[in-house]
Undergrad: 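Quick one: this structure, given as structure tokens, is what I'll be asking you about.
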Amino acid sequence: MWAYIFGVLWGLGGLTFGLTMRYLGMSLGMAVALGYTAAFGTLMPPIFRGTFASEVLGTHSGQIIIVGVGICLFGIVFAGAAGMSKEREMSEEQKRASIKEFDLKKGLLVATFSGVMSACFAYGLAAGDPVKELTIRHGTPPLWQGLPVLVVVLLGGFTTNFIWCAILNVRNRTGGQYFSSRGPQHQKQSAELERITESPSEKKIGILAGSESTRAPMLSNYLFSALAGTTWYMQFFFYTMGETQMGRYKFSSWTLHMASIMIFSTLWGIALREWNGTGRRTKMLVAASLLVLIASTVVVGYGNYLGVAAAQTRSSLARWTLWQRATGEVTNGPKLKLLLFGGTFY
């Protein structure tokens, strides 16, 4: 139930994510929205499970991961500073040339809402832990345990989008466009044709010619939409696989996922020339945000590595103690010689 509810809330974040791109562009919009998603999505799951104090704040590796999350937020600050610097440097004409509806204040508000709501996807995955236990109990390999949870969470997101799209289709009377290759302009032209008598044939021919140009390429639209949906889904397909390999600090995988998206979206924004016309200071801030975000992935990864190594060490110590008890051999003091290599005691 909670996995589904969080999926519904995540759908709200998805609905407003497009507005973030509309008002801020790809570089800044992705950085701000996904920055919030990274921070909230990383920290809330262990809080939801009640393990934040013991497993995160109470361990060295957990503290390093928190530092990595903080560095990620610092990268957001650089991205926001770059956006404000861009707004000061560029004229309205230049802003509209790169992003037609650029609006920093409105965009930041929408990005904040979208980012916080989008983090609910991570909450949904955390709430789906009982589903993962069930699927493993029934023989599913651990690597694929997260896929059944995706069905539930994505169903929640589908519910939100389906309801909102249905409302817009009814309000705008556009439901027929799913099946017709003729756009709204053709409907106006058809109504005008009905008012035209047979006499002004040239005008009628002109309208008919114009109506042909409004036909939408339905097959390619559906194919590209399906390709986009499949490609987009694959991020979560591989994410759930990677999460199973992250050990006890699997919540940190969300930061790696979001930071990677921000890094590559910023690079795409540069490739699409969204920062053309800005000064050296703004471009330096964009570069700084990229470097800081990359650093955050390194720090989080290192913290997770320490957590896995510590878990292996504890497991090795436990096996050593059990061996001593089973054999009756107790070795203490200078006689105890242990070789620690790769987290294993010999």
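These numbers come from the heavy atoms of this one structure, side chains and all, not from hydrogens, waters or symmetry mates.
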Undergrad: Could you measure the distance from the CD1 atom of Ile163 to the CG atom of Leu168? Nearest 0.5 Å is fine.
TA: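 With rounding to 0.5 Å, CD1 (Ile163) is 12.0 Å from CG (Leu168).
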Undergrad: Applying ring pair (Phe, Tyr, Trp, His ring centres under 6.0 Å) between Phe121 and each of Phe17, Phe40, Phe6, Phe236, report the one that passes.
TA: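 Going through the options one by one, the only one that passes is Phe236.
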Undergrad: Are Leu143 and Phe238 co-members of a hydrophobic cluster defined by side-chain heavy atoms under 4.5 Å apart?
TA: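 Same hydrophobic cluster.
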Undergrad: In the single-linkage hydrophobic clustering (I, L, V, M, F, W, Y; side-chain heavy atoms under 4.5 Å), do Val77 and Val116 co-cluster?
TA: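 Unlinked, Val77 and Val116 end up in two clusters.
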Undergrad: Step through the shown structure and confirm whether more than 12 heavy atoms of other residues, nucleotides or ligands are within 6.0 Å of OH on Tyr222.
TA: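 Yes - once you tally the heavy atoms of other residues, nucleotides and ligands closer than 6.0 Å, there are more than 12.
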Undergrad: Is there a side-chain contact (heavy atoms from CB on, under 4.5 Å) between Leu57 and Gln63? Walk through the geometry before answering.
TA: CA-CA 6 Å; Leu57 294 180; Gln63 292 167 1; 5.6 Å; no
Undergrad: Same hydrophobic cluster for Trp232 and Leu150, using side-chain heavy-atom links shorter than 4.5 Å among ILVMFWY?
TA: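 Yes, because Trp232 and Leu150 connect within a single hydrophobic cluster, where side-chain heavy atoms sit under 4.5 Å apart.
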Undergrad: Run the side-chain contact (heavy atoms from CB on, under 4.5 Å) test on Met241 and Trp144 for me, step by step, so that the C-alpha distance in whole Å, both residues' side-chain angles and the decisive distance to 0.1 Å come before the verdict.
TA: CA-CA 6 Å; Met241 292 172 62; Trp144 311 107; 3.6 Å; yes
Undergrad: Check whether Thr159 reaches the backbone of Leu155 with its side chain - one donor and one acceptor, N or O, closer than 3.5 Å.
TA: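 Here the side-chain-to-backbone pair exists.
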Undergrad: Are Met21 and Ile263 linked, directly or through intermediate hydrophobic residues, by side-chain heavy-atom contacts shorter than 4.5 Å (ILVMFWY only)?
TA: yes
Undergrad: With a 4.5 Å limit on heavy-atom distance, are the side chains of Ile65 and Tyr302 in contact?
TA: no
Undergrad: How far does OG of Ser114 sit from CH2 of Trp10, to the nearest 0.5 angstrom?
TA: 11.0 Å
Undergrad: Using only atom types and a distance under 3.5 Å, with no angle test, would you say the side chain of Thr140 pairs donor to acceptor with the backbone of Ile136?
TA: no
Undergrad: Give the minimum heavy-atom separation between Arg171 and Trp164, together with the two atoms involved.
TA: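 Smallest heavy-atom distance, with atoms named: NH2-CH2, 4.3 Å.
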Undergrad: For atom OH of Tyr4, is the number of surrounding heavy atoms from other residues, nucleotides or ligands below 6.0 Å larger than 12?
TA: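 Atom OH in Tyr4 is packed in, count exceeds 12.
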Undergrad: Hey, could you give me the OG1/CG distance between Thr16 and Leu109, rounded to the nearest 0.5 Å?
TA: 11.5 Å
Undergrad: Looking at every heavy atom in both Cys72 and Leu293, which two are closest together, and how far apart are they?
TA: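 The answer is O-CD2, 3.8 Å.
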Undergrad: Checking Thr135 side chain against Val131 main chain: does a donor-acceptor pair fall under 3.5 Å?
TA: no
Undergrad: Who passes side chain to side chain contact (heavy atoms under 4.5 Å, CB included) against Arg280, sequence neighbours left out?
TA: Met284
Undergrad: Take Phe78 and Val286, measure what side-chain contact (heavy atoms from CB on, under 4.5 Å) needs, and give me the verdict at the end.
TA: CA-CA 7 Å; Phe78 277 114; Val286 174; over 6 Å; no
Undergrad: Going by side-chain heavy atoms closer than 4.5 Å, which hydrophobic residues are tied to Leu223, directly or by a chain of links?
TA: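 Leu219, all in the cluster of Leu223.
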Undergrad: For the pair Thr37 (side chain) and Ser118 (backbone), establish whether a donor and an acceptor sit closer than 3.5 Å, ignoring hydrogens and angles.
TA: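 Not at all, since once roles are kept as given, no pair shorter than 3.5 Å links the two residues.
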Undergrad: With rounding to the nearest 0.5 angstrom, report the CG to CG distance, Leu290 to Leu285.
TA: 11.5 Å
Undergrad: Only pairs at least two apart or in different chains count here, so list each salt bridge (Lys or Arg N to Asp or Glu O under 4.0 Å) that has a residue in residues 115-139.
TA: Arg49-Asp129, Asp129-Lys132, Asp129-Lys250, Lys132-Glu243
Undergrad: Would you please name every residue forming a side chain to side chain donor-acceptor pair (under 3.5 Å) with Gln235, sequence neighbours left out?
TA: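 With neighbours one apart ignored, the set is His257.
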Undergrad: Give the minimum heavy-atom separation between Thr160 and Val8, together with the two atoms involved.
TA: OG1-O, 2.8 Å
Undergrad: Looking at every heavy atom in both Val69 and Val300, which two are closest together, and how far apart are they?
TA: N-CG2, 4.1 Å
Undergrad: If I compare all heavy atoms of Leu108 with all of Leu24, which pair ends up nearest, and what's the gap?
TA: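 Leu108 and Leu24 have their closest heavy atoms at N-CD1, 4.1 Å.
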Undergrad: Taking the six-membered ring for Trp, are the ring centroids of Tyr239 and Trp254 within less than 6.0 Å of each other?
TA: yes
Undergrad: Kindly write out the residues that satisfy side chain to side chain donor-acceptor pair (under 3.5 Å) with Thr282, not counting sequence neighbours, or none if the list is empty.
TA: Ser85, Glu89
Undergrad: For a quick test of reading the model, state the closest non-hydrogen atom pair linking Ser61 to Gly303 and the distance between them.
TA: CB-O, 3.1 Å
Undergrad: Could you tell me whether the side chain of Ser180 and the main chain of Gly176 form a donor-acceptor pair under 3.5 Å?
TA: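 No.
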Undergrad: Test of understanding: with side chain to side chain contact (heavy atoms under 4.5 Å, CB included), list the residues that count as partners of Leu19, not counting sequence neighbours.
TA: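 Here the qualifying residues are Arg22, Tyr23, Val110.
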Undergrad: Please determine whether side-chain contact (heavy atoms from CB on, under 4.5 Å) holds for the pair Val292 and Ile71, giving the CA-CA distance in whole Å, both sets of side-chain angles, and the decisive distance to 0.1 Å.
TA: CA-CA 7 Å; Val292 172; Ile71 293 174; 3.6 Å; yes
Undergrad: How many angstroms lie between atom OG of Ser220 and atom CG of Leu227, to the nearest 0.5 angstrom?
TA: 12.0 Å
Undergrad: Would Ile5 and Tyr123 show up in the same hydrophobic cluster when neighbours are defined by side-chain heavy atoms closer than 4.5 Å?
TA: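 Yes, Ile5 and Tyr123 fall within the same hydrophobic cluster.
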Undergrad: Do other residues, nucleotides or ligands put more than 12 heavy atoms under 6.0 Å from Phe237 CZ?
TA: yes
